[in-house]
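See below for the structure under consideration.
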2 protein chains.
Amino acid sequence: MSGSTGERPELASTLRAAGMRVTGTRERVYAVVTEMPHSTPDAIIERVNESGPPVPPSSVYRALEALEEVGVVAHTHLDHRAPTYHRADHARHLHLVCRSCGAVAESPAELAGGLVAALEREHGFAADVTHMAIQGECSTCRS
Amino acid sequence: MSGSTGERPELASTLRAAGMRVTGTRERVYAVVTEMPHSTPDAIIERVNESGPPVPPSSVYRALEALEEVGVVAHTHLDHRAPTYHRADHARHLHLVCRSCGAVAESPAELAGGLVAALEREHGFAADVTHMAIQGECSTCRS
DNA sequence: CTGAGTGCAAAACATTTGCAATGTT
DNA sequence: AACATTGCAAATGTTTTGCACTCAG
C-alpha cells in the first residue's frame with residue numbers, strides 16, 4: 001500500500017470507486033506520469049523499471065489503459081508514433097510541438113476559446129482542445 | 001494555369017525538378033490520394049491494388065514518402081494509429097475528428113486565425129494548423 | 001547505359017492478447 | 001476465498017530495410 005497518504009488520495013479512491021484495484025503497478029505508473037508529463041509509453045516503461053522491480057511492457061500498457069479509463073490520466077498524440085500521457089488534472093492546455101527541435105510547450109487552453117466557439121457555431125462540433133497537438137516552429141528555432 | 005496536356009502537370013514536373021523519377025507507382029499513389037483524401041496508408045495500399053497491377057506495401061510507403069518530400073502530398077494524424085494523406089494543394093483546412101463515430105470533417109483554417117495570432121504573440125510560435133487534428137464530438141453524435 | 005525505384009521477403013517496432021500465477025479486497 | 005491484475009510469451013499489425021532486378025532518363 002502507499003505509505004505516504006497525503007499526496008494524492010484521488011488515485012486510490014478513484015480506482016476503488018470504479019470497482020478497480022489499487023496495485024503497485026498502477027501507483028508506480030501514475031507516479032511516473034505525474035513526474036514526467038508528455039512521455040511516451042516507451043519512456044514510461046523505462047522509467048517505471050528504473051523505479052523498482054521490473055514491470056513488463058504489457059502491464060504498463062494495461063495500467064495506462066486503466067488509469068485512463070477511470071479518468072486520472074489522459075493522452076495526446078503529439079506526432080507520428082507518439083502517444084503521450086499526462087495527468088488528467090494537469091491543467092487544461094494546448095500542446096505546441098516544434099517541428100525542428102521537437103520541444104513540446106504548453107499553452108493555456110483559453111487561447112483556443114475563439115476557435116472552440118467558432119467550431120460550435122459553424123459545425124455544432126464540441127471540440128476538446130486538450131487533446132490537440134499543434135505543429136509548428138518554436139521561437140528558438142525561428143531565430 | 002499551366003496550360004498543358006494532363007490534369008496535373010505539377011506531379012511530373014515537380015518530381016523531375018527535384019531530380020526524382022516519374023514512375024507508374026508514384027502516379028497511381030498520387031491519383032489515389034487525390035481521389036480519397038484523408039486515407040490511411042492501409043486504405044491507399046488497398047485502393048492502389050484495385051487500380052491495376054499489384055504494388056507491395058513497401059512501395060506504396062516509399063511513394064508516399066517521395067511525394068511528401070517533394071511537397072505534393074502531406075499527412076495529418078487524425079488519431080492513434082492513423083496517419084492520413086491528402087494532396088498538399090488540397091485547400092488548407094482543419095480536421096475535425098468525431099470521437100464517437102470517427103467521422104472526419106473539414107473546416108476552413110481561417111477559423112483558427114485568432115489562435116494562430118495568439119500563439120504568435122504569446123509564444124513566438126508559428127503554428128501550422130493544417131496539420132492539426134481536433135478531437136471532439138460531431139453534431140450528429142451529440143443530438 | 002546508369003542509377004533511381006521496385007518487388008519481395010525478412011526485420012524492426014509498438015501494442016495486444018491468452019492463460020496460469022499472484023495479490024487485493 | 002474470489003476474482004481482478006499481473007507476468008510471460010506469443011500473436012498482431014504496421015512500417016522499415018536489404019538486396020537483386022527493372023525501367024526511366
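Every chain is numbered from 1 and lettered A, B, ... according to where its sequence line falls, protein lines coming before strand lines.
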Please give, in whole Å, the distance from [N] [atom2] to [X] [atom1]?
X: A/Tyr85; N: C/dT15; atom1: OH; atom2: P; value: 8 Å
X: A/Tyr61; N: D/dG7; atom1: OH; atom2: C1'; value: 16 Å
X: A/Arg21; N: C/dT24; atom1: CZ; atom2: C1'; value: 5 Å
X: A/Arg62; N: C/dA21; atom1: CZ; atom2: C1'; value: 13 Å
X: B/Ile45; N: D/dG13; atom1: CD1; atom2: P; value: 14 Å
X: A/His75; N: C/dA14; atom1: NE2; atom2: P; value: 17 Å
X: B/Met20; N: D/dG25; atom1: CE; atom2: P; value: 13 Å
X: B/Leu15; N: D/dC23; atom1: CG; atom2: C1'; value: 15 Å

* Are B/Arg47 and B/Glu50 ion-paired here, with the side-chain N under 4.0 Å from a carboxylate O? ->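 Salt bridge present between B/Arg47 and B/Glu50.
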Given [N], is OP1 or OP2 found less than 4.0 Å from the side-chain N or O atoms of [X]?
X: A/Thr23; N: C/dT24; result: no
X: B/Thr25; N: C/dT6; result: yes
X: B/Ser59; N: C/dG7; result: yes

* Asked: Hey, which of these two, A/Pro56 or B/Val22, hits DNA chain D nearer its 5' end, going by closest nucleotide?
  ->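 Of the two residues, A/Pro56 wins.
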For [X], which contact category applies under a 4.0 Å heavy-atom criterion: base, sugar-phosphate, or nothing?
X: A/Arg26; result: sugar-phosphate
X: B/Pro41; result: sugar-phosphate
X: B/Arg16; result: sugar-phosphate

* Asked: Does a side chain donor of either B/Ser107 or B/His93 reach within less than 3.5 Å of an acceptor in the other side chain?
  ->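 Side chains of B/Ser107 and B/His93: no pair found under 3.5 Å.
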* **Aromatic plane relationship, B/His75 with B/Tyr85 - under 30° parallel, 30 to 60° tilted, over 60° perpendicular** =>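 Because their plane-to-plane angle lies in the 30° to 60° range, the rings of B/Tyr85 and B/His75 count as tilted.
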* To do: Could you check whether the rings of A/His86 and A/His95 sit parallel, tilted or perpendicular, using 30° and 60° as the cut-offs?
  =>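 Answer is tilted, since the angle falls between 30° and 60°.
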* For A/Arg99, look at atom CZ and say whether over 12 heavy atoms of other residues, nucleotides or ligands are found less than 6.0 Å away. =>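 Yes.
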